[in-house]
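This report concerns only the one structure given below.
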Amino acid sequence: MVAGGAGFVGSAIVRELLQKGSIVVCYDNYLHGHPSHVAGLTGALTVIQGDVRDDWSLYKALRDHNVDYVIDCVGDTFVPTAYNMPERFFDINVGGTLHLLRAMHALRLKRMVYVSSTEVYGQVDAKCSEETCLNPFNTYAVSKAAADRLCHTYHVEHGVPVIIARIFNCYGPRETEPYVVPEIISQLHRGPRIALGNINAERDFTFVHDMANAIISVVTSDLPNGEAINIGSDTGYTVECIAQKLAEIMQVRPLQIVSDPARFRRKDVERFRCDNTKLLKCTNWKPTVGIDDGLRITVEWFLANGARWRWENFVDGTTIYR
């Protein structure tokens, strides 16, 4: 089962699993994901509209479809939304994870991989390893850190076989929130003048299908249950660099970047860089899509799908975020 399988990362995982011949159950309530993200796929796929906070529906889906492994991609993930909706973030990110862990324990499933976040580390001057202390800076990050540690303690206290995958930034087709890459693409499509926040922030970007294959590789790895593992490319790019690359791909000239105070986070992390030593040691994974090719594929998908992301609506030329 891919819980949250109709979302951004989840739908990439569903596709990669089907290509590998897996029998897949996509379980999603469509809060952020969309049925079209998993429509028309070839392979042994069952799509179920359901919420991980609904115990009976979740148990029934897991039991009736003889699920062995769970990849938990469920989550509220867009940091600015958490400023005004903290209850929902904790309900979904912590409460939803608890329901999945309880289901894992009750049904004695083989393993769960919980998709955590690099945000749990907070500000780090060097690369983040799994030994880096957790120091979450925002409400979203606190909710993910709580769920991250809940997975660990549920393994210690109840023997639930779970791995915590702390993923760094990824990008690609079917993005479900106005993260920096789709936001820049959307603005560049309308013209050369774009408004951004902290353009000096550096992030470790991985193409979403590379990220999906890394997460899948962890499922059947020899990594001991209860442990965390970082997933990222170990290559950092600033927001300004990404904007320049996208402008070149989209042939938008001359690029004009305007600083928009409303787009700055209330407390930002200047640099995230993944130490993926443990991942490379425990799996055979390596990224296959470089940043330039990945951004080009993302732009091509955007243009081929109506030049519009699902998170945006247009009113008189203005982007309105849901």
Side-chain angles (χ1 to χ4, degrees), residues 4 7-10 28-34 51-53 72-99 114-124 128 132-150 164 166-171 174-187 194-205 238-240 242-243 257-272 309-315 318-322:
F8 170 43
V9 176
D28 202 299
N29 68 356
Y30 306 136
L31 174 63
H32 300 299
H34 195 272
D51 195 307
V52 294
R53 295 166 296 177
D72 176 15
C73 298
V74 173
D76 256 339
T77 60
F78 190 54
V79 171
T81 306
Y83 299 151
N84 300 315
M85 305 183 74
E87 296 91 348
R88 193 182 81 180
F89 272 67
F90 277 87
D91 184 31
I92 294 173
N93 294 351
V94 184
T97 303
L98 177 59
H99 283 251
Y114 169 66
V115 179
S116 184
S117 168
T118 180
E119 290 277 350
V120 302
Y121 290 122
Q123 187 66 55
V124 180
C128 298
T132 301
C133 292
L134 305 191
N135 183 29
F137 266 24
N138 55 63
T139 300
Y140 160 68
V142 172
S143 72
K144 294 298 285 186
D148 183 311
R149 295 297 79 199
L150 179 63
I164 301 103
R166 295 175 183 155
I167 71 171
F168 286 64
N169 292 66
C170 61
Y171 66 95
R174 300 177 301 279
E175 292 231 32
T176 55
E177 298 288 352
Y179 303 121
V180 65
V181 170
E183 170 64 21
I184 292 172
I185 291 172
S186 184
Q187 289 194 45
I194 64 174
L196 297 174
N198 183 6
I199 64 172
N200 297 314
E202 181 183 316
R203 296 294 184 265
D204 188 318
F205 287 96
T238 65
V239 171
E240 183 178 17
I242 294 295
I257 300 177
V258 178
S259 179
D260 180 0
R263 295 176 183 273
F264 281 80
R265 290 186 180 181
R266 296 177 185 179
K267 190 170 185 179
D268 203 2
V269 177
E270 287 297 321
R271 182 174 185 261
F272 275 132
W309 302 100
R310 288 206 167 270
W311 45 262
E312 58 186 352
N313 293 302
F314 293 94
V315 179
T318 302
T319 304
I320 308 297
Y321 300 108
R322 62 167 175 80

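All values below come from the heavy atoms of this structure, side chains included, with hydrogens, waters and symmetry mates left out.
- Summarising the geometry of Phe272 relative to Gly122, their closest heavy-atom pair is CE2-O, 3.3 Å, with the distance given to 0.1 Å.
- Inter-residue side-chain proximity for Phe205 and Val180 is flagged as met; some heavy-atom pair is nearer than 4.5 Å.
- The closest side-chain heavy-atom distance from Tyr140 to Thr81 is not below 4.5 Å.
- By the 4.5 Å heavy-atom criterion applied to side chains, Thr238 and Asn200 are not counted as neighbours.
- Rounding to the nearest 0.5 Å places CG of Asn29 at 7.0 Å from CD1 of Ile92.
- For the atom pair OH (Tyr83) and CZ (Phe78), the distance works out to 9.0 Å, reported to the nearest 0.5 Å.
- Among residues at least two apart or in separate chains, salt bridge (Lys or Arg N to Asp or Glu O under 4.0 Å) pairs with a member in residues 80-91 are Arg53-Asp91, Asp76-Arg88.
- Heavy-atom minimum distance, Asp28 versus Tyr30: OD1-N, 2.6 Å.
- What you find for Asp260 and Ala195 is that their closest heavy atoms are CB-CB, 3.9 Å.
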Carefully, step by step, assess Asp148 and Arg166 under the rule side chain to side chain contact (heavy atoms under 4.5 Å, CB included).
CA-CA 9 Å; Asp148 183 311; Arg166 295 175 183 155; 2.8 Å; yes

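- Remark: Ile164 CD1 to Asp72 CG distance equals 11.5 Å, nearest 0.5 Å.
- Taking each heavy atom of Tyr114 and Asn93 in turn, the nearest pair found is OH-O, 4.2 Å.
- Using a 4.5 Å heavy-atom threshold, the side chains of Leu134 and Tyr121 count as touching.
- Shown here for Ser143 and Val94, the closest heavy-atom pair between the two residues is O-CG2, 3.4 Å.
- Here the OG1-NE2 distance, from Thr77 to His32, works out to 6.0 Å after rounding to the nearest 0.5 Å.
- In this structure, the separation between OG on Ser116 and CZ on Arg149 is 8.5 Å, given to the nearest 0.5 Å.
- Side chain of Glu119 to main chain of Asn138: no donor-acceptor pair is present (N/O by atom type, distance under 3.5 Å, no hydrogens or angles).
- The shortest non-hydrogen separation linking Glu177 to Trp311 is O-NE1, 3.1 Å.
- Here the side chains of Ile185 and Trp309 are in contact, with some heavy-atom distance below 4.5 Å.
- Contact of the Asp204 side chain with the Thr118 side chain is not registered, since no non-hydrogen atoms from C-beta on lie closer than 4.5 Å.
- Note that the NZ atom of Lys144 and the OG1 atom of Thr139 stand 14.5 Å from one another [nearest 0.5 Å].
- Under the 3.5 Å distance criterion, the side-chain polar atoms of Ser186 are left unmatched by any main-chain donor or acceptor of Pro182.
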